[in-house]
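Accompanying notes for the structure given below.
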Amino acid sequence: MSAKKLQSIRGIHDGLPGEVARWQRVEQAARKVFGSYAFSEVRMPVLEPVELFVRSVGEDTDIVSKEMYAFTDQGGDHICLRPEGTAGAVRAWLQGGLTRAGAQRWYYIGPMFRRERPQKGRLRQFQQIGVEMFSAPGPIEDAEILAMAHAFLSELGVPELKMEINSLGCNSCRPGYRDKLVTYLQARADRLCETCVERITRNPMRVLDCKVASCQAELGDAPEMVANLCDACDRHFTDVQKGLDALAIPYSVNPRIVRGLDYYNRTAFEIVTDKLGAQGTVLAGGRYDGLVEELGGPATPAIGFAAGLERLAMLLDDDEATGPDMAVVALGEAVQGYALAQADLLRKAGLSVVHCGGGSAKRQFKMADREGVRFVAVIGDDEMQAGTVMLKNMATGEQQSVATAAVAGCTG
RNA sequence: GUGGACGUAGCUCAAUGGUAGAGCCCCGGCUUGUGAUGCCGGUGGUUGGGGGUUCGAGUCCCCUCGUCCACCCCA
């Protein structure tokens with residue numbers, strides 16, 4: 001029996017240079033825009049107690065009930081790889097004693113883990129860029145968070161995205177709505193698809209965004225949360241929209257947006273594309289006013305969102321490959337030490353430099369060409385004696401002798 | 001978890017059940033101080049893995065692993 005080929009775990013992929021370059025563009029846009037909104041980066045653990053997600057995301061959600069990588073460690077603790085970022089952020093905020101530190105505006109970038117069947121835009125280890133704002137009481141904060149999400153994606157330059165918002169109500173208006181909806185759905189359960197029939201008891205609001213056409217046809221006059229909000233929620237939702245209007249941010253109200261995690265209330269939103277197959281949601285989030293209290297802290301309104309880094313990266317154009325500034329070609333044993341020192345000097349002068357490793361001129365020039373460098377500094381006995389390098393412009397083929405101290409100045 | 005498509009050289013792909021190939025890449029040579037074009041040559045595969053049918057399997061059957069797509073769900 002031959003050894004099994006060594007490879008990464010299903011749905012868990014490597015970030016190789018080309019891919020990482022794309023990720024970095026996404027990250028840079030995030031850092032720039034979030035920084036302009038005075039958000040600070042935080043870094044939370046990847047490992048968390050299972051209990052954290054049971055109590056926040058919800059025990060009956062798919063994420064917790066069947067997608068978590070959970071295990072018991074050698075000490076008997078129940079821990080898991082985090083499936084999302086908000087719960088850990090709240091935990092950290094509480095644990096760090098920041099409940100009276102005023103408004104906290106956080107963002108983070110890091111891997112999340114869900115054991116799902118991989119497909120386009122869906123991995124078992126994927127990266128999220130998350131944002132959380134604690135002590136964010138009103139619609140002003142919602143509008144700003146939405147605006148920041150919009151600014152982030154604009155900065156990235158991803159075209160044809162749509163922002164959709166909804167209100168999920170609160171503890172005083174959602175239960176009543178839910179009953180109303182269940183009654184409505186049960187009345188026509190025999191005309192809904194199998195999964196929707198299950199959803200009536202498990203998660204009735206999910207039925208509203210079922211993809212099956214026959215279900216949608218049946219649900220034309222289904223009651224919607226936005227029409228059943230209590231006064232406070234209704235006012236909140238209206239003010240969020242006023243804020244977006246004032247900022248001229250394009251959006252549409254989609255009364256059928258549902259969030260999969262239990263902790264959301266009031267404002268929920270998604271930014272979607274039609275370019276990623278079935279996984280069109282590129283950024284999503286909402287308000288979670290009850291979560292902090294749920295996890296043992298003081299009642300604290302908060303709002304946040306998460307963006308899928310890989311999903312965003314897929315929407316980006318290819319980078320134009322830019323090679324290093326310069327390659328050092330060293331000819332002959334006698335100049336090896338000198339050439340190493342010259343490469344070092346060029347780097348200290350601010351250039352990115354590859355050393356071609358000696359050997360035949362042909363081999364080294366081939367390497368320089370392949371690296372895509374703009375210039376080659378040729379160093380042989382003559383150059384060493386004269387304190388110069390033969391500087392070759394790879395695009396034009398021209399070369400000239402330049403004093404080593406002046407090389408960096410000749411590469412503009 | 002369910003359903004479908006697909007796994008052949010580093011990459012992209014060929015090969016009526018009958019000797020596994022091409023292009024690109026890579027390495028070397030065509031001036032031992034000059035690349036990207038050209039010419040010549042070369043390396044590279046237990047056809048994802050395992051079993052079965054057959055005189056003979058890349059090709060047919062079963063299992064398994066993986067990738068992709070969709071459902072479910074979600075970023």
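Numbers restart at 1 for each chain; the letters A, B, ... are given by sequence-line order, proteins then strands.
Rounded to whole Å, the C1' atom of B/U16 lies 43 Å from the corresponding atom of B/C30. Taking atom P in both B/A15 and B/C60, the straight-line distance is 12 Å, to the nearest Å. Distance check on atom P: B/G56 versus B/C63 gives 23 Å, rounded to whole Å. Remark: the separation of the C1' atoms in B/G17 and B/C73 is 45 Å, to the nearest Å. Atom name P, nucleotides B/U64 and B/G3: the rounded distance is 12 Å, in whole Å.
Atom CE of A/Met205 is separated from atom C1' of B/C72 by 19 Å (rounded to the nearest Å). Between A/Glu116 atom CD and B/A75 atom C1' there is a gap of 10 Å when expressed in whole angstrom units. Straight-line distance from the CD atom of A/Glu67 to the C1' atom of B/G1: 11 Å, rounded to whole Å. Atom CG of A/Leu192 is separated from atom P of B/C72 by 14 Å (rounded to the nearest Å). Rounded to an integer number of Å, the gap from A/Gln7 CD to B/U64 C1' is 12 Å. Rounded to whole angstrom, the span from the CZ atom of A/Arg117 across to the P atom of B/A5 amounts to 13 Å. As rounded to whole Å, 11 Å separates atom C1' of B/G66 from atom CZ of A/Arg124. Straight-line distance from the NZ atom of A/Lys120 to the C1' atom of B/C73: 18 Å, rounded to whole Å.
Side-chain atoms of A/Asp289 come within 3.5 Å of backbone N or O of A/Ala302 as a donor-acceptor pair. A/Gln28 contributes no side-chain N or O that, together with a main-chain N or O of A/Arg25, makes up a donor-acceptor pair within less than 3.5 Å.
Between A/His13 and B/G66, a side-chain N or O to OP1/OP2 separation shorter than 4.0 Å is absent. Within the 4.0 Å cut-off from OP1 or OP2 of B/A70, at least one side-chain nitrogen or oxygen of A/Gln119 is found. At least one side-chain nitrogen or oxygen of A/Arg199 sits closer than 4.0 Å to the OP1 or OP2 atom of B/C73. The side chain of A/Arg259 places no N or O atom within less than 4.0 Å of a non-bridging phosphate oxygen (OP1 or OP2) of B/C73. When the side-chain nitrogen and oxygen atoms of A/Arg114 are compared with OP1 and OP2 of B/G1, none of them lie within a distance under 4.0 Å.
In RNA chain B, the stems built from three or more successive Watson-Crick or G-U pairs (distances below 3.5 Å) are B:1-7 with B:65-71, B:10-13 with B:21-24, B:26-30 with B:38-42, B:48-52 with B:60-64.
Considering CG of A/Leu185 and SG of A/Cys196, their distance stands at 8.0 Å, rounded to 0.5 Å.
The nearest heavy atom of RNA chain B to A/Arg202 and to A/Arg10 marks one nucleotide each, and the one closer to the 5' end goes with A/Arg10. Closest-nucleotide positions on RNA chain B for A/Ile9 and A/Thr195 were compared, and the one nearer the 5' end corresponds to A/Ile9.
Between A/Glu84 and A/Arg114 there is no salt bridge, since none of the side-chain N atoms of the basic residue sits less than 4.0 Å from a carboxylate O of the acidic one. Salt-bridge formation is detected for the pair A/Asp142/A/Arg287: a Lys NZ or Arg NE/NH1/NH2 atom is positioned less than 4.0 Å from an Asp or Glu carboxylate oxygen. Using a 4.0 Å cut-off between a side-chain N of Lys or Arg and a carboxylate O of Asp or Glu, A/Glu294 and A/Arg55 do not qualify as a salt bridge.
The number of heavy atoms from other shown groups lying within 6.0 Å of NZ (A/Lys275) is above 12.
Residues A/Glu383 and A/Tyr338 bring no donor and acceptor atom of their side chains to less than 3.5 Å of each other. Side-chain atoms of A/Arg256 and A/Gln216 include a donor-acceptor pair closer than 3.5 Å. Of the N and O atoms on the side chains of A/Gln104 and A/Ser135, not one donor lies less than 3.5 Å from an acceptor on the other residue.
Remark: A/Arg115 fails to qualify as a cation-pi partner of A/Phe113 under the 6.0 Å distance and 45° angle criteria applied to the six-membered ring.
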I'd like a table of atom pairs between the protein and nucleotides 29-39 of chain B - only N or O on both sides, under 3.5 Å - with the distance next to each one.
| residue | atom | partner | partner atom | Å |
| --- | --- | --- | --- | --- |
| B/G33 | O6 | A/Glu383 | OE1 | 3.3 |
| B/G33 | N1 | A/Glu383 | OE1 | 3.1 |
| B/G33 | N1 | A/Glu383 | OE2 | 3.0 |
| B/G33 | N2 | A/Glu383 | OE2 | 3.0 |
| B/U34 | O2 | A/Lys392 | NZ | 2.7 |
| B/U34 | N3 | A/Gln399 | OE1 | 2.8 |
| B/U34 | N3 | A/Gln399 | NE2 | 3.4 |
| B/U34 | O4 | A/Gln399 | NE2 | 3.0 |
| B/G35 | OP1 | A/Lys362 | NZ | 3.3 |
| B/G35 | O2' | A/Asp369 | OD2 | 3.1 |
| B/G35 | N7 | A/Lys392 | NZ | 3.3 |
| B/G35 | N1 | A/Met394 | O | 2.6 |
| B/G35 | N2 | A/Asp369 | OD1 | 3.3 |
| B/G35 | N2 | A/Met394 | O | 2.8 |
| B/G35 | N3 | A/Asp369 | OD1 | 3.3 |
| B/A36 | O4' | A/Asp369 | OD2 | 2.9 |

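Judged by atom type and distance alone, A/Arg122 reaches the base of B/C72 through a side-chain donor-acceptor pair under 3.5 Å.
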